[in-house]
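Worksheet for the structure shown next.
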Amino acid sequence: MRGSYQNILLVVLVVAATARGEETGGFVTWGNNYYLTWGHQALVINETSELRLTLDHNSGSGFESQLIYGSGYFNVRIKAPQTKSTGVITSFYLISRSSRHDELCFQILGRNGPPYFLNTNMYLYGEGGKDQRFRLWFDPTKDFHSYSFLWNPNQLVFYVDGTPIRVYRKNPDVYYPSVQTMFLMGSVKNGSKIGPKQIPYIAKFQASKIEGCQTEFMGIEKCTDPSFWWNRKQLSSKEKELYINARKMYLDYDYCSDRQRYPKVPQECASYS
């Protein structure tokens, strides 16, 4: 930890177990499953499942899972930091490691009061810019809220507190992220200067349910097995209602509707339901 004269953002992560070919879960240690990928040295709390990442004038920081996944359900509870800086971004994402990578991403955007915004993005075979931004119906700095990915061979679902807000379905005419394995990652970044009166910031992460098919880097095939509950998962009637309402009430920006940015509707937009 650096001196008090620096601006510091602490992020606390509680990590949970993955399913190793089974539908099981539980808390595990930071050292066994995650490691610091860039930025400041992580601080391990209670020698078990908590860690802190720092953001100051010099650098943010990020972590990555030791384990590799080919499908799964990944839920993290986050209490975002109170900040006036829109440049402070707390992210949770799945990402592959290749020159044409796949990525699913939640980004809680810093803001001085409501409305609070959550950006979601995807990279499909290295092509990004697929932003959909939502006005959150709660204050993410006051309490913990759940941010979840469902990733299976047929669909991708972004959930907030159990409400599906973004659904991308497999379409034979467009690319779908089912050929590259992915890592669970998180980061704290700052895109603007933070004044000394604005410190410290504390964002807390709790990974309450992470159930994924653990595999090898080139071993995604075994993770398509329907014996994994998440590969059989479809939206229920209630979830479909919540999805329609969330899109109607809280969607603030959708790249599929942005004709200035995309004069022609991107081909994959037909895969959203």
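Residues: numbered from 1 along the sequence shown.
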Y250 and its ring pair (Phe, Tyr, Trp, His ring centres under 6.0 Å) partner, picked from F134, Y116, W137: W137

Check whether any side-chain N or O of Q267 sits under 3.5 Å from a backbone N or O of D173 as a donor-acceptor pair, and report yes or no. yes

Walk me through whether Y125 and V179 qualify under side chain to side chain contact (heavy atoms under 4.5 Å, CB included). CA-CA 10 Å; Y125 199 56; V179 297; 5.9 Å; no

Taking atom types as modelled and ignoring hydrogens, do the side chains of N121 and Y255 form a donor-acceptor contact shorter than 3.5 angstrom? no

Any side-chain heavy atom of V157 sitting closer than 4.5 Å to one from K233? no

For the hydrophobic clusters of this structure (ILVMFWY residues joined by side-chain heavy atoms under 4.5 Å, transitively), does one cluster hold both F144 and F149? no

Between A246 and P164, the two heavy atoms sitting closest are CB-O, 4.2 Å

To the nearest 0.5 Å, atom CG of L184 lies from atom CD of E64 at 9.0 Å

Rounded to the nearest 0.5 angstrom, the CG-SG distance for N152 and C213 is 12.0 Å

Checking D131 against Y253: is there a side-chain donor and acceptor pair closer than 3.5 Å? no

Would Y176 and V265 show up in the same hydrophobic cluster when neighbours are defined by side-chain heavy atoms closer than 4.5 Å? no

Could you tell me whether the side chain of Q180 reaches within less than 4.5 Å of the side chain of S98, counting heavy atoms only? yes

Measure the shortest side-chain to side-chain distance between Y123 and I95 over non-hydrogen atoms and say whether it is less than 4.5 angstrom. no

Side-chain donor-acceptor pair under 3.5 Å between D161 and T163, yes or no? no

Taking the six-membered ring for Trp, is the centroid-to-centroid distance between Y147 and F106 below 6.0 Å? yes

Under 4.5 Å between side-chain heavy atoms, counting indirect links through other Ile/Leu/Val/Met/Phe/Trp/Tyr residues: same cluster for I165 and L136 or not? yes

Are L104 and L251 connected in the hydrophobic side-chain network, where two residues link if heavy atoms are under 4.5 Å apart? yes

Nearest 0.5 Å, what's the NZ-CG distance between K170 and L156? 11.0 Å

Identify the heavy atoms of S96 and M182 that sit nearest to each other, and give their distance. N-CG, 3.6 Å

Are M218 and I68 connected, step by step, through hydrophobic side chains (Ile, Leu, Val, Met, Phe, Trp, Tyr) whose heavy atoms are closer than 4.5 Å? yes

Are Q155 and L150 side-chain neighbours, meaning at least one heavy-atom pair lies under 4.5 Å? yes

Show the nearest heavy-atom pair for residues T215 and T181, with the distance to one decimal. CG2-CG2, 3.7 Å

Residues D225 and N231: closest non-hydrogen pair is O-ND2, 2.8 Å

Less than 6.0 angstrom separating the ring centers of F74 and F92, yes or no? no

Single hit among F158, W151, W229, F228 for ring pair (Phe, Tyr, Trp, His ring centres under 6.0 Å) with Y73: W229

About how many Å separate CZ of R111 and CG of D139, when rounded to the nearest 0.5 Å? 12.0 Å

Short question: side chain of T120, backbone of Q132 - any donor-acceptor pair under 3.5 Å? yes

Heavy-atom check, side chain of N75 versus side chain of Y159, under 4.5 Å: no

For the atom pair CD (E103) and NZ (K130), what is the distance rounded to the nearest 0.5 Å? 12.0 Å

R100 side chain to G126 backbone, donor-acceptor under 3.5 Å: no

OG on S71 to CD on Q214, rounded to 0.5 Å: 12.0 Å

How about E268 and M122: do any of their side-chain heavy atoms sit closer than 4.5 Å? no

Worked check of side chain to side chain contact (heavy atoms under 4.5 Å, CB included) between V174 and Y168: CA-CA 11 Å; V174 296; Y168 183 78; 3.8 Å; yes

I'd like to know whether L109 forms a side chain to side chain contact (heavy atoms under 4.5 Å, CB included) with L118, so could you lay out the CA-CA distance, the side-chain angles of the two residues, the decisive distance to 0.1 Å, and finally the verdict. CA-CA 6 Å; L109 308 180; L118 174 72; over 6 Å; no

Given the rule in the side chain to side chain contact (heavy atoms under 4.5 Å, CB included) test, do F117 and R135 qualify, once you have shown the distances and angles that lead to the verdict? CA-CA 5 Å; F117 291 96; R135 296 181 302 276; 3.4 Å; yes

Which atoms form the tightest heavy-atom contact between P140 and H145, and what is the distance? CA-CD2, 4.3 Å

Grab the two heavy atoms, one from W230 and one from G212, that are nearest each other, plus how far apart they are. CZ2-C, 3.7 Å

Heavy-atom donor-acceptor pair, T90 side chain to A80 backbone, under 3.5 Å: no

Flag this pair as yes if the NZ/CZ of R97 is under 6.0 angstrom from the six-membered ring centre of F183 and inside a 45 degree cone about the axis; otherwise no. yes

Are the side chain of R232 and the backbone of S227 linked by a donor-acceptor contact shorter than 3.5 Å? yes

Mind checking whether Q107 and Y93 have side chains closer than 4.5 Å, heavy atoms only? no

